[in-house]
Amino acid sequence: MVSKHKHFLRLPFYLALLVLATLAVLAYYPIDTTMWRNYATSFNFADTFCEFTRLNHLVREPLNTLTNVPYLFFGTVILSVTARDAYRKNRISKLYNNLLIRHPAYGYTLGIVLVLIFICSTFFHASLIALAQQLDMAGVNALALFPIAYSAHRIYNYYRFRQTYLTRRSLPALFLGIFSIATIILTLFKWQLNAMVVVPLLVALSGILIFLAEMLCPNVTNKRWLAVAFGSIFVGMFFYVLDDHKIACHEHSIFQPHAIWHVFAATGAFALYLYLRSENMRHKFMEYRLHL
């Protein structure tokens, strides 16, 4: 049955719409500035992305900047739903055999990661400075590492407690602590690591652990969302590579491969959340035909 209560979607939608409008004004209002020239950069602007770089503007890459808004929308939706889970936790969480719902720390973490990607990637594509690029990679690393930590916890729970959703209170903090340390290390060594190698390897490891959990743990999940998640990531990475190698590259076109990558990556992250949330949740609080 579809719920009539849409309050947890309204705020993210209107917030994303307001931010999009604000960024659009800042991006296209003809203001000349040299503020970003005062900050260090480690690459040649002309060789970085397909989109034309407007060196004297506050937002140097409008399309690559504006297309980060889906991260904000999906991130705030996850935070809103997780807040409702946390409210329900003390009353009815034991009815739901799902690690993500029983331990809202995971939902909060993923929602915060997506919001941080929005902030850092927007900062990066608006400025194209070295510090912003490093912060942007922090978000990318965190997003790639999250399903690794969560899947490892699911598998551990199954072998230790015979159920993926049963765990000790301290274990979510332990797995999220390891996740945080790994994110910090990868970010600190951003300039020594090749993102075109590291990120695909992390995505591959995420896939291996997720499919391993599917084979080992006799739980019911909505695998269609898993297909959407990995399909979106792979399509997005395809456009990322197109942009990186300047294939079908038109600097003044409204169709920018890197911008398309943003949209697919954000969609894939939310689809992954819906997949994780679907575990053992058939027929429970279905809203909008989703397990929200």
Side-chain angles (χ1 to χ4, degrees), residues 48-51 61 63-64 66-75 77-78 100 106 109-111 113-114 116-118 120-121 124-125 133 136-152 154-155 179 182-183 186 190 193-215 221-250 253-279 290-291:
T48 307
F49 301 102
C50 284
E51 187 173 9
E61 291 183 345
L63 291 173
N64 286 348
L66 295 175
T67 49
N68 286 298
V69 172
Y71 290 116
L72 176 65
F73 173 69
F74 289 131
V77 168
I78 292 173
L100 192 71
Y106 278 113
T109 299
L110 182 57
V113 165
L114 290 179
L116 286 177
I117 290 178
F118 159 73
C120 296
S121 187
F124 173 47
H125 288 288
Q133 187 184 35
D136 183 30
M137 281 308 303
V140 173
N141 292 334
L143 183 57
L145 286 166
F146 178 83
I148 295 175
Y150 187 84
S151 296
R154 287 171 68 199
I155 294 171
F179 153 82
T183 299
L186 288 177
K190 179 258 178 297
L193 300 172
N194 186 344
M196 295 295 289
V197 175
V198 173
V199 174
L201 284 177
L202 292 177
V203 172
L205 181 57
S206 296
I208 291 171
L209 288 176
I210 288 173
F211 287 115
L212 184 62
E214 281 288 339
M215 290 188 295
T221 57
N222 189 333
K223 297 174 182 59
R224 287 176 294 180
W225 285 120
L226 182 61
V228 172
F230 277 97
S232 296
I233 292 298
F234 287 133
V235 171
M237 291 177 71
F238 170 77
F239 282 103
Y240 186 100
V241 171
L242 286 184
D243 188 89
D244 187 66
H245 289 81
K246 304 298 181 292
I247 300 172
C249 183
H250 304 285
S253 172
I254 62 171
F255 298 103
Q256 292 297 327
H258 195 84
I260 297 173
W261 147 253
H262 287 162
V263 175
F264 274 100
T267 302
F270 188 63
L272 177 66
Y273 171 75
L274 294 176
Y275 158 73
L276 297 177
R277 193 176 177 83
S278 73
E279 185 176 13
L290 307 173
H291 293 282

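We're numbering straight along the sequence, starting at 1. Atom set for the values below is all heavy atoms of this structure, side chains included, hydrogens, waters and symmetry mates excluded.
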Quiz prompt | Stepwise side chain to side chain contact (heavy atoms under 4.5 Å, CB included) check, Phe239 with Val263 | solution = CA-CA 11 Å; Phe239 282 103; Val263 175; over 6 Å; no
Self-check item: Shortest non-hydrogen contact from Thr67 toward Asn64
Solution: OG1-O, 3.6 Å
Quiz prompt | Atom pair CD1/CG of Ile210 and Leu226 - distance to nearest 0.5 Å | solution = 6.0 Å
Practice problem: Of all the heavy-atom pairs spanning Ser253 and Leu63, show the shortest one and how long it is. | Solution: O-CD1, 3.5 Å
Quiz item: So Glu214 and Lys223, side chain to side chain contact (heavy atoms under 4.5 Å, CB included) or not? Walk me through it.
Solution: CA-CA 9 Å; Glu214 281 288 339; Lys223 297 174 182 59; 3.1 Å; yes
Exercise. Could you label the plane-to-plane angle of the Tyr106 and Tyr150 rings as parallel, tilted or perpendicular, counting under 30° as parallel and over 60° as perpendicular?
Key: perpendicular
Practice problem: Output the distance between atom OG (Ser121) and atom CG (Asp136), rounded to the nearest 0.5 Å. | Solution: 4.0 Å
Quiz item: So do Tyr275 and Val228 actually touch side chain to side chain, heavy atoms under 4.5 Å?
Solution: no
Quiz item: Say you draw a straight line from CZ of Arg154 to CG of Leu209; how long is it, rounded to the nearest 0.5 Å?
Solution: 10.0 Å
Quiz item: Are Cys50 and Lys246 close enough that some pair of their side-chain heavy atoms sits under 4.5 Å apart?
Solution: yes
Self-check item: Closest heavy-atom pair and its distance - Leu114, Gly75
Solution: CB-CA, 3.7 Å
Quiz prompt | Close side-chain approach of Ile117 to Leu72, heavy-atom, < 4.5 Å | solution = no
Self-check item: From CE (Met215) to CD1 (Ile155), nearest 0.5 Å
Solution: 9.0 Å
Self-check item: Smallest separation among heavy atoms of Gly268 and Ala229, with atom names
Solution: O-CB, 3.5 Å
Quiz item: In Å, rounded to the nearest 0.5 Å, how long is the span from CG of Leu145 to OG1 of Thr109?
Solution: 12.5 Å
Quiz item: Out of curiosity, Leu110 CG to Arg277 CZ, how far, rounded to the nearest 0.5 Å?
Solution: 11.5 Å
Quiz item: Between Ala144 and Leu202, what is the shortest heavy-atom contact and its length?
Solution: CB-CB, 3.7 Å
Quiz prompt | Contact check, side chains of Glu61 and Gln256, non-hydrogen atoms, under 4.5 Å | solution = no
Practice problem: Check whether any side-chain heavy atom of Leu186 sits under 4.5 Å from a side-chain heavy atom of Met137, and report yes or no. | Solution: no
Exercise. Can you label the angle between the His258 ring and the Tyr240 ring as parallel, tilted or perpendicular, going by 30° and 60°?
Key: tilted
Quiz item: Do Trp261 and Asp243 touch side chain to side chain, with heavy atoms closer than 4.5 Å?
Solution: no
Quiz item: Are Phe179 and Val113 side-chain neighbours, meaning at least one heavy-atom pair lies under 4.5 Å?
Solution: yes
Quiz item: Would you say Thr267 and Phe74 make side-chain contact, with heavy atoms under 4.5 Å?
Solution: yes
Quiz item: If every non-hydrogen atom of Ile148 is compared with every non-hydrogen atom of Ser206, which pair is closest and at what distance?
Solution: CG1-OG, 3.2 Å
